[in-house]
Amino acid sequence: MNNSAQRAAEILMTIEAVCLKPQEPYTWASGLRSPIYTDNRLIMSYPKERQEIEHLLAQAIQTHYPEVEVIAGTATAGIPHAAFVAAEMDLPMIYVRSSAKDHGKGQAIEGRLDPGAKVVLIEDLVSTGRSVLNAAQQIRQAGGQVLGVMSIFNYQLKRGYQAFAEADLSLHSLTDYSTLLQVASQDAEIKAYYDSLNEWYQDPQAWSDKHA
């Protein structure tokens, strides 16, 4: 567990952007029952914590993707983080719509994207990766070169990793489920549910079925 990943996990838990309730599972939009729920939009409402998260994102991008020329955000949750990071790195920013507009130029990408520009996509959260992979495809089709994806949090689902591998796309995250679990387990109440939380990480569907 590196220091940046641990610090990011601590921030997300402190502002309740990530919540763990193994005793009262959440139901995701997919119908999956889960002991964790993440809403990184809350980061926007905490200036001090927001500044630290965006700084960590910028540092990570400089480390993993030093050739970056454009910062891109995914609609809608990735857009504000892309804006903050682009400002800190003094780089152009674009964002990718979930679908092309049905009027005007009918474009899916907002902002200027020059052919061959080296782009890093920012996503607030990676589960299956479907939305950000779609955004990457839109950028590639528009002539951009996608260096990779930088997310704030990663559920570390096997489906997600497989999808990124199939798309031949690099992924790095500030922090992830296993790091969060280690940090959260410092709380006695959460520690009592450690085995159950780890079971979810190993097989989310089986855990969901068990707690239906």
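All residue numbers in this chain count up from 1 along the given sequence. On a predicted model such as this, the values are computed, not experimentally measured, just so you know.
Residue Arg130 qualifies as open at atom CZ: its count of foreign heavy atoms under 6.0 Å is 12 or below. Within a 6.0 Å sphere centred on CD of Gln51, heavy atoms belonging to other residues, nucleotides or ligands number 12 at most. At most 12 heavy atoms of other shown residues, nucleotides or ligands fall within 6.0 angstrom of atom CD in Glu67. Atom CD of Glu189 sits in a sparse spot, with 12 or fewer heavy atoms from other residues, nucleotides or ligands closer than 6.0 Å.
Grouping the Ile, Leu, Val, Met, Phe, Trp and Tyr side chains by contacts below 4.5 angstrom, directly or via other members, places Ile122 with Leu12. One hydrophobic cluster, built from ILVMFWY side chains closer than 4.5 Å, holds both Leu20 and Leu125. Cluster annotation: Met13 and Ile190 are assigned to the same hydrophobic cluster (Ile/Leu/Val/Met/Phe/Trp/Tyr, side-chain heavy-atom contacts under 4.5 Å, transitive). Linking Ile, Leu, Val, Met, Phe, Trp and Tyr whenever their side-chain heavy atoms come within less than 4.5 Å leaves Val85 and Leu171 in two separate clusters. Put simply, Val126 and Leu157 are part of two different groups of oily side chains (I, L, V, M, F, W, Y) that touch within less than 4.5 Å, one to the next.
Here the CD1-CG distance, from Ile36 to Leu181, works out to 9.0 Å after rounding to the nearest 0.5 Å. Summarising the geometry, atom OG belonging to Ser185 is positioned 7.0 Å from atom CG belonging to Leu197; distances are rounded to the nearest 0.5 Å. Here OH of Tyr194 is found 14.5 Å from CG of Asp187. Values are rounded to the nearest 0.5 Å.
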Test Glu52 against Arg7 for side-chain contact (heavy atoms from CB on, under 4.5 Å), laying out the working first. CA-CA 9 Å; Glu52 191 169 356; Arg7 179 55 188 153; 2.8 Å; yes
Under the side-chain contact (heavy atoms from CB on, under 4.5 Å) criterion, do Glu110 and Ile94 qualify, and how do the steps go? CA-CA 6 Å; Glu110 300 292 355; Ile94 61 174; over 6 Å; no
Take Glu199 and Asp203 through the test side-chain contact (heavy atoms from CB on, under 4.5 Å) and record every step on the way to the result. CA-CA 6 Å; Glu199 285 177 10; Asp203 192 337; over 6 Å; no
Go through Tyr201 and Trp207 one step at a time and tell me if the ring pair (Phe, Tyr, Trp, His ring centres under 6.0 Å) criterion holds. CA-CA 9 Å; Tyr201 165 61; Trp207 194 97; over 10 Å; no
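Side-chain contact between Ile43 and Glu49 is absent, with no heavy-atom pair separated by less than 4.5 Å. Two residues are said to be in side-chain contact when any heavy atoms from C-beta on lie closer than 4.5 Å; Gln156 and Tyr161 meet this criterion. In this structure, Asp124 and Phe153 have side chains that are not in contact, with every pair of non-hydrogen atoms separated by 4.5 Å or more. Within the 4.5 Å cutoff, the side chain of Met150 has heavy atoms near those of the Leu57 side chain. In this structure the side chain of His81 reaches within 4.5 angstrom of the side chain of Ile152, judged on heavy atoms. Using a 4.5 Å cut-off on side-chain heavy atoms (C-beta onward), His172 and Val149 make no contact. Side-chain contact between Leu180 and Gln182 is absent, with no heavy-atom pair separated by less than 4.5 Å. Contact annotation: the side chain of Val132 never approaches that of Leu169 to less than 4.5 Å [non-hydrogen atoms, C-beta and beyond].
Of the candidates Ser173, Ser131, Ser151, Ser131 is the only one forming a side chain to side chain donor-acceptor pair (under 3.5 Å) with Glu123. Shown are Leu113, Ile71, Val68, Leu91; of these, the side-chain contact (heavy atoms from CB on, under 4.5 Å) with Val119 is made only by Leu113.
For the 3.5 Å distance criterion, the side chains of Asp209 and Gln205 qualify, holding a donor opposite an acceptor. Using modelled atom types, one finds no donor on one side chain facing an acceptor on the other under 3.5 Å when comparing Ser34 with Tyr155. Between the side chains of Gln6 and Glu10, a donor-acceptor pair is found at a separation under 3.5 Å.
A donor-acceptor pair under 3.5 Å is formed between the side chain of Asn2 and the backbone N or O of Ala5. Counting only distance, with no hydrogens or angles, the side chain of Glu54 and the backbone of Phe84 share no donor-acceptor pair below 3.5 Å.
Residues that satisfy the side-chain contact (heavy atoms from CB on, under 4.5 Å) test with Ile79, not counting sequence neighbours, are Ala75, Met93, Tyr95. For Ala8, the side-chain contact (heavy atoms from CB on, under 4.5 Å) partners two or more places apart in sequence, or in a different chain, are Ile53, Leu56, Leu174, Thr175. Judged as a side-chain contact (heavy atoms from CB on, under 4.5 Å), and not counting sequence neighbours, the contacts of Glu88 are His55, Ala58.
Summarising the geometry of Ala142 relative to Ile109, their closest heavy-atom pair is CB-CD1, 3.6 Å, with the distance given to 0.1 Å. Between Ala136 and Val146, the shortest heavy-atom distance links the atoms O-CG2, 3.7 Å. The two residues Ala17 and Asn40 come nearest to each other via the heavy atoms CB-OD1, 3.8 Å. Residue Glu69 comes nearest to Gly116 through the heavy atom pair OE1-O, 4.2 Å, listed as atom of the first residue, atom of the second, then distance. The minimum heavy-atom distance between Leu147 and Ser170, with the atom names listed, is O-CB, 3.8 Å. Of all the heavy atoms in Pro22 and Pro35, the pair that sits closest is CA-CB, 3.7 Å.
Evaluation of the side-chain hydrogen bond (donor to acceptor under 3.5 Å, both in side chains) test over residues 11-29, restricted to residues two or more places apart or in two chains, returns Thr27-Arg33. Residue pairs meeting the ring pair (Phe, Tyr, Trp, His ring centres under 6.0 Å) criterion with at least one partner in residues 114-150, sequence neighbours excluded, do not occur; the list is empty.
Residue Met44 shares its hydrophobic cluster (ILVMFWY side chains chained together at separations under 4.5 Å) with no other residue.
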